[in-house]
*Asks:* 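Mind looking over this structure? Questions follow.
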Amino acid sequence: MRPRGSSSLAFGAFGVLATTFAVVVVVAALAGGDDAETPAGPGAGPVATEQPGPASDGGAGIAPPSYRPPQKLELGSLGEPGGAAEIVLASSSTMRVDLRSMSRSQTGVRLKRNPLYGTGVMRPTSCRAPRPSTQPRAMQAYLNAVTGCLDRAWSAKFSQAGAVFLAPRRVFWARPGRGPCGSYPASGAAAYYCPSNRGMYIGLTHVIQQSGQTDPARNHVPYLAVLAHEYGHHVQTMAGIGGAWWWEVSERSKAAQDAHSRRAELQAQCFSGTFIRTVRVPLGVTAARWQAVLEQDYRRGDDQNGLGKRDHGNGQNFAAWLDHGWKYARPGYCNTWSAPASHVS
């Protein structure tokens with residue numbers, strides 16, 4: 001999830017645990033050659049909205065629909081003249097290109113034909129992490145360990161794409177504070193990503209409260225999923241996707257902004273599932289634990305949570321894109337920017 005700026009644009013979202021949180025500055029150092037331009041950001045400082053936990057089922061079993069993955073998409077070439085096609089893959093050169101740097105004419109390339117999409121399957125990731133608990137120190141140790149695994153997995157993908165990668169900053173907090181995107185905690189905001197400083201902000205106790213008090217010692221996968229979702233927003237920032245989508249809609253209607261917000265959030269969901277698939281063995285992601293996460297995410301969709309917003313995707317799609325990443329473990333299959341509207345509604 002991401003903070004809300006002074007505009008009404010809804011942008012980032014809690015992967016597994018939050019249902020709505022919006023945008024702040026998504027400039028992300030967009031500075032390139034002489035013809036490069038820098039998009040204006042919507043302003044800083046989150047204005048949090050109330051974010052309820054999973055809807056109560058009143059004691060009855062909830063049976064969401066089967067999670068049909070979005071169709072596989074033809075990606076086409078990885079670039080266009082003057083755009084991503086100029087990227088030289090790491091296998092043939094040690095050159096690294098910063099994908100955050102682009103001219104305004106290249107935003108479509110960054111979104112739909114990003115070099116990251118051509119890197120193939122994300123291989124199993126060696127990952128060791130202590131089991132979290134309700135104690136802040138235990139949760140912090142877990143989040144730090146898994147973030148190290150995320151750093152290795154995604155840096156390898158950017159290396160394959162011949163692109164610059166910088167690890168995110170970790171702000172796993174137990175006490176209130178303030179960062180470039182505003183003060184925390186904000187109302188209902190247990191986790192968010194701040195592109196201004198590439199920071200992942202997660203409240204060590206707040207994240208448990210927002211999860212419906214899911215015992216992390218019994219099922220840690222919801223916390224793994226929210227961390228991987230926030231990291232997915234960092235991947236978007238480093239790949240130039242975060243800056244590109246805001247640049248495209250910053251001066252357009254609220255409906256257009258919401259449509260791009262849904263594509264961004266659902267892509268972060270897919271990136272989350274992609275990584276989780278690679279650590280399912282060492283971190284014990286069983287079928288039952290995974291199904292529980294899918295059911296939680298279904299209930300947090302725009303049509304399920306009662307918030308009246310349309311900036312994250314409906315329950316079917318919010319769960320489906322997470323499962324889609326899990327099933328295929330390929331960043332290229334997370335190209336929500338080329339997906340039919342029905343898959344990002």
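Only a predicted model underlies this, so the values are computations on that prediction, with no experimental measurement involved.
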*Asks:* Let me check something: do Val164 and Phe271 share a hydrophobic cluster, defined by ILVMFWY side-chain heavy atoms less than 4.5 Å apart, either directly or through other members?
*Replies:*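 The answer is yes; both residues are in one hydrophobic cluster.
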*Asks:* Side chains of Gln296 and Thr214, heavy atoms from C-beta outward: is any pair under 4.5 Å?
*Replies:*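 Yes - at least one pair of side-chain heavy atoms lies under 4.5 Å apart.
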*Asks:* I'd like to check the side chain to side chain contact (heavy atoms under 4.5 Å, CB included) partners of Pro130; sequence neighbours left out, ordered by chain and number.
*Replies:*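 Applying side chain to side chain contact (heavy atoms under 4.5 Å, CB included) to Pro130 gives Ala141, Ala145.
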*Asks:* Should Trp326 and Val293 count as side-chain neighbours, where that means a heavy-atom distance under 4.5 Å?
*Replies:*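 Side chain of Trp326 against side chain of Val293, heavy atoms only: no contact under 4.5 Å found.
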*Asks:* Would you call Phe172 and Leu227 a side-chain contact if the rule is heavy atoms closer than 4.5 Å?
*Replies:*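 In contact.
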*Asks:* Please name all residues satisfying side chain to side chain contact (heavy atoms under 4.5 Å, CB included) with Ser345, sequence neighbours left out, ordered by chain then number.
*Replies:*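 Side chain to side chain contact (heavy atoms under 4.5 Å, CB included) check on Ser345 returns Asn314, Asn317.
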*Asks:* Does the Arg277 side chain pair with the main chain of Gly325, one donor and one acceptor, at a distance under 3.5 Å?
*Replies:*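 It does not hold such a pair.
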*Asks:* Check whether the side chains of Ser159 and Arg96 place a donor and an acceptor atom closer than 3.5 Å, and report yes or no.
*Replies:*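 Judged by distance alone, the side chains do pair up.
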*Asks:* Any chain of hydrophobic side-chain contacts (each under 4.5 Å) joining Met200 to Leu166?
*Replies:*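 Linked within one cluster.
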*Asks:* Looking at every non-hydrogen atom in both residues, tell me the closest pair between Ser126 and Arg152 and how far apart they are.
*Replies:*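 Scanning both residues, the minimum pair turns out to be O-NH2, 2.6 Å.
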*Asks:* Taking disulfide (SG to SG under 2.5 Å) as the cut-off, I'd like each qualifying pair that reaches into residues 123-176, sequence neighbours left out, listed once.
*Replies:*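 For residues 123-176, and leaving out neighbouring residues, the disulfide (SG to SG under 2.5 Å) pairs sorted by first residue read Cys127-Cys149.
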*Asks:* Please check if the number of heavy atoms outside Arg310 that lie under 6.0 Å from its CZ is greater than 12.
*Replies:*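 No.
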*Asks:* Please give me the minimum heavy-atom distance between Ala163 and Leu99, naming the atom from each residue.
*Replies:*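 Between these two residues, the closest heavy atoms are CB-CD1, 3.7 Å.
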*Asks:* Can you name the residues that form a side chain to side chain donor-acceptor pair (under 3.5 Å) with Gln140, not counting sequence neighbours?
*Replies:*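 Result, side chain to side chain donor-acceptor pair (under 3.5 Å) vs Gln140: none returned.
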*Asks:* I'd like to check the side chain to side chain donor-acceptor pair (under 3.5 Å) partners of Asp151; sequence neighbours left out, ordered by chain and number.
*Replies:*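 By the side chain to side chain donor-acceptor pair (under 3.5 Å) rule, Asp151 matches Arg170, Tyr231.
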*Asks:* According to side chain to side chain donor-acceptor pair (under 3.5 Å), who are the partners of Thr278, at least two apart in sequence or on a separate chain?
*Replies:*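 Side chain to side chain donor-acceptor pair (under 3.5 Å) list for Thr278, sorted by chain: Thr125.
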*Asks:* What distance separates Thr336 OG1 from His260 NE2, expressed to the nearest 0.5 Å?
*Replies:*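 NE2 of His260 is found 9.5 Å from OG1 of Thr336.
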*Asks:* Does Phe165 have any ring-ring contact (aromatic ring centres under 6.0 Å, His included) partners at least two apart in sequence or in another chain, and if so, which?
*Replies:*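 By the ring-ring contact (aromatic ring centres under 6.0 Å, His included) rule, Phe165 matches Phe158, His234.
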*Asks:* Would you check if there is a donor-acceptor pair between the side chains of Gln257 and Lys254 at a distance under 3.5 Å?
*Replies:*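 Gln257 and Lys254 do not have a side-chain donor-acceptor pair below 3.5 Å.
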*Asks:* Mind jotting down which residue pairs meet the salt bridge (Lys or Arg N to Asp or Glu O under 4.0 Å) criterion with at least one end in residues 238-252? Sequence neighbours excluded, please.
*Replies:*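 Listed once each, the pairs would be none.
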*Asks:* Has the side chain of Lys327 got a donor or acceptor atom that lies under 3.5 Å from a matching backbone atom of Thr274?
*Replies:*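 No; zero donor-acceptor contacts below 3.5 Å.
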*Asks:* Does any donor atom in the side chain of Asn114 or Trp337 lie under 3.5 Å from an acceptor atom in the other side chain?
*Replies:*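 No, no side-chain donor-acceptor contact under 3.5 Å.
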*Asks:* Report the distance from atom OG1 of Thr237 to atom OH of Tyr193, rounding to the nearest 0.5 Å.
*Replies:*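 Atom-to-atom, Thr237:OG1 and Tyr193:OH are 3.5 Å apart.
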*Asks:* Report the C-alpha separation of Tyr201 and Glu230 in whole Å, then their side-chain angles, then the decisive distance to 0.1 Å, and conclude whether the side-chain contact (heavy atoms from CB on, under 4.5 Å) test is met.
*Replies:* CA-CA 9 Å; Tyr201 290 74; Glu230 301 309 332; over 6 Å; no
*Asks:* Can you confirm whether Ile241 sits close enough to Val235 that some side-chain heavy atom of one is under 4.5 Å from a side-chain heavy atom of the other?
*Replies:*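 Sidechains of Val235 and Ile241: no contact.
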*Asks:* List the residues meeting side chain to side chain contact (heavy atoms under 4.5 Å, CB included) with Ala268, not counting sequence neighbours, and say none if there are none.
*Replies:*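 Scan of Ala268 (side chain to side chain contact (heavy atoms under 4.5 Å, CB included), adjacent residues dropped) gives His229, His233, Gln236.
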*Asks:* Check the orientation of Trp173 and His206. Use parallel for under 30°, tilted for 30 to 60°, and perpendicular for over 60°.
*Replies:*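 Trp173 and His206: tilted rings.
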*Asks:* Applying side chain to side chain contact (heavy atoms under 4.5 Å, CB included), can you list everything that pairs with Arg128, at least two apart in sequence or on another chain?
*Replies:*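 For Arg128 there are no side chain to side chain contact (heavy atoms under 4.5 Å, CB included) partners, ignoring immediate neighbours.
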*Asks:* Establish, for the pair Arg330 and Tyr333, whether the NZ or CZ atom is under 6.0 angstrom from the six-membered ring centre and no further than 45 degrees off its axis.
*Replies:*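 Yes; both conditions hold, so Arg330 lies above the ring face of Tyr333.
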*Asks:* Is the closest side-chain heavy-atom distance between Tyr142 and Arg131 below 4.5 Å?
*Replies:*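 Result no, sub-4.5 Å side-chain heavy-atom pair not found.
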*Asks:* Just so I know, are the side chains of Pro185 and Pro176 near enough to count as touching, which here means a heavy-atom distance under 4.5 Å?
*Replies:*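 They are in contact (side-chain heavy atoms under 4.5 Å apart), so the answer is yes.
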*Asks:* Write down the atom of Thr205, the atom of Pro136, and the distance for their closest heavy-atom approach.
*Replies:*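 Residues Thr205 and Pro136, closest heavy atoms: CG2-CG, 3.7 Å.
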*Asks:* Drop me the distance from Ser155's OG to Leu150's CG, to the nearest 0.5 angstrom.
*Replies:*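 Here the interatomic distance stands at 10.5 Å.
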*Asks:* Taking all non-hydrogen atoms of both residues, which atom of Tyr192 and which atom of Gly182 are closest, and how far apart?
*Replies:*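 Looking at all heavy atoms of both residues, the shortest contact is OH-O, 4.0 Å.
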*Asks:* Rounded to the nearest 0.5 Å, how far apart are CG of Asp323 and OG of Ser272?
*Replies:*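 Nearest 0.5 Å value for the CG-OG distance: 11.5 Å.
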*Asks:* Is a side-chain N or O of Arg289 found less than 3.5 angstrom from the main chain of Thr286, in a donor-acceptor match?
*Replies:*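 Side chain of Arg289 to backbone of Thr286: no pair is present.
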*Asks:* Given side chains that start at C-beta, do those of Leu224 and Val146 come closer than 4.5 Å, heavy atoms only?
*Replies:*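 Yes, at least one pair of side-chain atoms sits under 4.5 Å.
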*Asks:* Before giving the answer on side-chain contact (heavy atoms from CB on, under 4.5 Å), spell out for Leu111 and Trp245 the whole-Å C-alpha distance, their side-chain angles and the decisive distance to 0.1 Å.
*Replies:* CA-CA 7 Å; Leu111 295 175; Trp245 86 257; 3.9 Å; yes
*Asks:* For side-chain contact (heavy atoms from CB on, under 4.5 Å), just list the numbers for Ile208 and Tyr223, CA-CA rounded to whole Å, side-chain angles, deciding distance to a tenth of an Å, and then say yes or no.
*Replies:* CA-CA 8 Å; Ile208 297 173; Tyr223 306 98; 3.9 Å; yes
*Asks:* Please round to the nearest 0.5 Å and tell me the distance separating atom CZ of Phe318 and atom CD of Gln269.
*Replies:*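 Phe318 atom CZ to Gln269 atom CD measures 3.5 Å (nearest 0.5 Å).
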*Asks:* Could you state the interatomic distance from OG (Ser183) to CZ (Arg178), rounded to the nearest 0.5 Å?
*Replies:*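 The OG atom of Ser183 sits 4.0 Å away from the CZ atom of Arg178.
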*Asks:* Provide the closest heavy-atom pair for Ser250 versus Trp247 in the form atom of the first, atom of the second, distance.
*Replies:*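 So the minimum-distance heavy-atom pair works out to OG-O, 3.7 Å.
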*Asks:* Indicate the atoms forming the closest heavy-atom contact of Lys157 with Gly120, along with that distance.
*Replies:*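 In this case the closest contact between Lys157 and Gly120 is NZ-O, 3.1 Å.
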*Asks:* Report the C-alpha distance between Leu143 and Leu204 in whole Å, list the side-chain angles of each, state the deciding distance to 0.1 Å, and finish with yes or no for side-chain contact (heavy atoms from CB on, under 4.5 Å).
*Replies:* CA-CA 9 Å; Leu143 295 176; Leu204 298 174; 3.8 Å; yes
*Asks:* Using side-chain hydrogen bond (donor to acceptor under 3.5 Å, both in side chains), reason through Ser338 and Asn335 one step at a time and then give a plain yes or no.
*Replies:* CA-CA 6 Å; Ser338 296; Asn335 182 3; 3.1 Å; yes
*Asks:* Can you see whether Ser261 engages Asp258 through a side-chain donor-acceptor pair at a distance of less than 3.5 angstrom?
*Replies:*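 The answer is no; no qualifying pair exists.
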*Asks:* Which pairs count as disulfide (SG to SG under 2.5 Å) when at least one residue sits in residues 268-332, sequence neighbours excluded?
*Replies:*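 Residue pairs with at least one partner in residues 268-332: Cys270-Cys334.
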*Asks:* Of all residues at least two apart in sequence or in a different chain, which pass the ring-ring contact (aromatic ring centres under 6.0 Å, His included) check with Phe275?
*Replies:*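 Phe275: no ring-ring contact (aromatic ring centres under 6.0 Å, His included) contacts found.
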*Asks:* Are the side chain of Gln106 and the backbone of Ser103 linked by a donor-acceptor contact shorter than 3.5 Å?
*Replies:*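 Between the backbone of Ser103 and the side chain of Gln106 there is a qualifying donor-acceptor contact (under 3.5 Å).
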*Asks:* Can you find a pair of side-chain heavy atoms, one from Met238 and one from Arg100, that are under 4.5 Å apart?
*Replies:*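 Result yes, sub-4.5 Å side-chain heavy-atom pair found.
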